[in-house]
Structures are given as C-alpha cells and as structure tokens.
Amino acid sequence: MTPMSDALDWLAVGDVAEERNSDSSLILGGGAARLAAHAAALRARVSLVAKMGEDDAGRRVRDALERLKVDLRWLRSAPAMRTTVWHEPDGQPQRRRVERGADLALRLDELPPSSVAAALTVVSGYSLSVEPARSAALGALTSARVRGGRAALLVEADLLWWTNARMVRRVLEPALASVDSVALQAADARVLFGSVNGREAVRLVGAMGPRIVYLAEADGSVVLKEGGRIHGCPADRSEGPPPDRYAGAAAFWVGIARRAPARKAASDSVRYAQSVRRAGPRL
C-alpha cells in the first residue's frame, strides 16, 4: 500500500492468524488483525504491526487485509515460519486449538519508528504470552505517548489462560499499569476474578491502572468505567448476541481515537457490534 502521510488513528500491534471453524470456513483471525479490520471498516486510518509466515494462509490473510485497506507497511513476513492457525477459537474451551506460528516471533526492533504518530496504540493480550512478542507488545504500549497518543490493551484471558487465573494476572499486570484504556469480555472477567458482576469486574480491573475499562457482556451490552464513574450501555434485546467478539472494542477505540467522549463511544460501539452479521472477514 502507499504509505500514509498523516498521523494514524491507530497502530494495532500483536497477532494475526487464520481461523478455521467447525464448518471448515476460513476467516481472518488474531486479535490485532481483527481489531484492525473493524477499524478500517469504520474508515479509521489503521496500520497493523504483526508477523506471519510466507505460506498459503499468510497470503490469504494479507489479501483480506489489503481489501479492507489496512496499512500493511509493518506486517512482517518470516519465510521460515508458518502463519498461526486457530481452530474453533469461539467454541468450547476444551475444543480450542492453536498451531502457533510467526506472530509470537514479532520483535521489539520490528516496531515502527517512534516518529510514526498514532492517536492510539492498541495491543492484543495474546502477544503477552511469550517472548519475543511480549517485549514487543510492552514496548508498543510504553512508546504510545512518544507517538503523541494513548495506549490500549485488549484482554483475552478466556481465550488463552482460562485454566490459570494466577498466571493471567501476572502476565497482564505490567501491561495494565501502562495503558489508558482496556477492553475485555465478561468471560475474561470470570477467568480473572471468578463469579463477579460487570460493575465489580470493571472496578477490579480499574484498580490495576487503566483509567477507562470497557467490558462487553454476553448479550452485547457494555459496562464502562471512566475514572470514578461507571455507566451501563444496554444492547437492543431484539437482536442476538454479537457474533464477533472484537467488533465492539474496535468501534469503541475508533471513537476514542476520534476524541469522542468515552460514554458516547461505548454506546456507539454497542450498535456497531450488533450490526455485524458474522464472526470475521472470510479468506
């Protein structure tokens, strides 16, 4: 793609993958890639910072992102590695399986130079699981202010560490301490804190550092904590649960990058998530 001359709305940093579901369909996977795809659909200027293999899955992923007009200047290729593949990531935890690939090989020195400006740097929690991607993810968060923007973290506790709450908190705590905002699902909150309601969950996450906490409930409604205030953003009960777990958080952060008030960004994100009709772009 032609490089952008203006500051970006987002840098999305982290994982990119191919998802294979039980019906054999192939869709774009990876938290950072899916967030970037939704941001691009909302006409945000977004660049994906990630790594994939030079294989058939990688070519399908790149083609899908190019069609969505995501800036791919910093989508790296690792010729000797495979593109990560997820099997049924939205299914029952016991059925989920990942063929780990190049995305967890993203290095700190492969991030864009600090001269690249972005209103928001969004990092996916999956990248915090192992090195060298963990150092790259933490480096991206700490460099967000240098880029003239703020840092945001997507928590993916249910997807990654649903059997070990102690480990997930230890992995997440350094990242949570350095971000302005965080987004998570109700299922993530159960992994972290057990059986707590949405309001208590956002309080507990907020106590770890983030000023803004966005929690998506199973029905698509949102509990938002901004500073000392907690707001509820109800979903339309005539609609079913959002099929894409990344849609709401992406829309919320697009609003934040465009300087919308957090409560309005959250309300708009509920409507966007319920308007999305499938789990992700097909490959």
Side-chain angles (χ1 to χ4, degrees), residues 17-44 64 67-68 86-97 122 124-126 154-160 162 181-193 195-202 205 213-225 230-256 260 262-283:
E18 180 176 83
E19 283 190 15
R20 299 177 183 177
N21 294 315
S22 56
D23 61 359
S24 299
S25 62
L26 303 179
I27 64 174
L28 178 66
R34 283 269 280 283
L35 289 169
H38 283 294
L42 290 163
R43 301 185 182 277
R67 288 195 299 272
L68 291 164
W86 278 94
H87 298 267
E88 299 187 54
D90 289 327
Q92 292 297 316
Q94 296 85 348
R95 295 179 60 87
R96 298 171 189 159
R97 183 167 61 87
V122 179
S124 59
Y126 176 70
L154 177 73
V155 174
E156 296 183 282
D158 179 57
L159 186 63
L160 297 171
W162 59 279
S181 62
V182 63
L184 71 163
Q185 302 278 317
D188 299 315
R190 285 194 295 273
V191 171
L192 292 170
F193 308 117
S195 298
V196 299
N197 62 33
R199 286 179 171 262
E200 182 62 17
V202 298
V205 175
V213 183
Y214 173 104
L215 184 143
E217 302 278 16
D219 66 354
S221 61
V222 165
V223 181
L224 177 75
K225 181 179 185 296
I230 296 178
H231 309 285
C233 303
D236 184 344
R237 293 187 177 182
S238 68
E239 300 282 350
D244 192 324
R245 65 185 181 275
Y246 299 106
F252 173 70
W253 280 323
V254 168
I256 294 296
R263 191 171 181 178
K264 182 181 187 306
S267 295
D268 290 346
S269 78
V270 171
R271 290 190 290 272
Y272 174 75
Q274 290 196 303
S275 74
V276 173
R277 296 305 176 192
R278 60 189 183 196
R282 294 190 181 276
L283 303 182

Q: Please find the pair of heavy atoms, one from F193 and one from A201, that lie closest to each other, and give the distance.
A: CE1-O, 4.0 Å
Q: Heavy atoms only: give me the nearest P242-Q274 pair and the separation to one decimal.
A: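 In this case the closest contact between P242 and Q274 is CG-CG, 4.4 Å.
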Q: Mind checking the CD-CZ spacing from Q185 to R190? Nearest 0.5 Å is all I need.
A: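 Q185 atom CD to R190 atom CZ measures 9.5 Å (nearest 0.5 Å).
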Q: For a quick test of reading the model, state the closest non-hydrogen atom pair linking A183 to A249 and the distance between them.
A: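 In this case the closest contact between A183 and A249 is CB-CB, 3.8 Å.
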Q: To the nearest 0.5 angstrom, please state how far the CD atom of E19 sits from the CG atom of L26.
A: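 Answer for the CD-CG pair, E19 versus L26, is 10.0 Å.
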Q: Are V213 and L184 packed together at the side-chain level, in the sense that at least one heavy-atom pair is separated by less than 4.5 angstrom?
A: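 A side-chain contact under 4.5 Å exists here.
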Q: Nearest 0.5 angstrom please: R20 CZ to E88 CD, how far?
A: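 Result: 12.5 Å between the selected atoms.
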Q: How long is the span from the CG atom in L283 to the CD atom in E18, to the nearest 0.5 Å?
A: 5.5 Å
Q: Carefully, step by step, assess L224 and V202 under the rule side chain to side chain contact (heavy atoms under 4.5 Å, CB included).
A: CA-CA 7 Å; L224 177 75; V202 298; over 6 Å; no
Q: Do S181 and I256 touch side chain to side chain, with heavy atoms closer than 4.5 Å?
A: no
Q: Please find the pair of heavy atoms, one from S269 and one from F252, that lie closest to each other, and give the distance.
A: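 Minimum heavy-atom contact is CB-N, 3.6 Å.
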Q: Any chance you could measure K225, atom NZ, to R199, atom CZ, to the nearest 0.5 Å?
A: 12.0 Å
Q: So, are E239 and R271 salt-bridged, with charged N and O less than 4.0 Å apart?
A: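 Salt bridge flag = no for R271 with E239.
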Q: What I'd like to find out is whether the side chain of H38 reaches to under 4.5 Å of the side chain of V254, using heavy atoms alone.
A: no
Q: Within the structure provided, determine whether P89 and R245 are in side-chain contact (heavy-atom separation under 4.5 Å).
A: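 Yes. Closest side-chain heavy atoms under 4.5 Å.
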Q: Please report the closest heavy-atom contact between P234 and S221, naming both atoms and the distance.
A: CA-CB, 3.9 Å
Q: How far apart are the closest heavy atoms of Y246 and G31, and which atoms are they?
A: CE2-CA, 3.4 Å
Q: Which distance, rounded to the nearest 0.5 Å, do you find between the CG of D268 and the CG of L42?
A: 10.0 Å
Q: Is Y214 reaching over with its side chain to a backbone N or O of A262, donor-acceptor style, under 3.5 angstrom?
A: no
Q: Counting N and O atoms only, with roles assigned by atom type, does the side chain of R34 sit under 3.5 Å from a partner on the main chain of A279, one being a donor and the other an acceptor?
A: yes
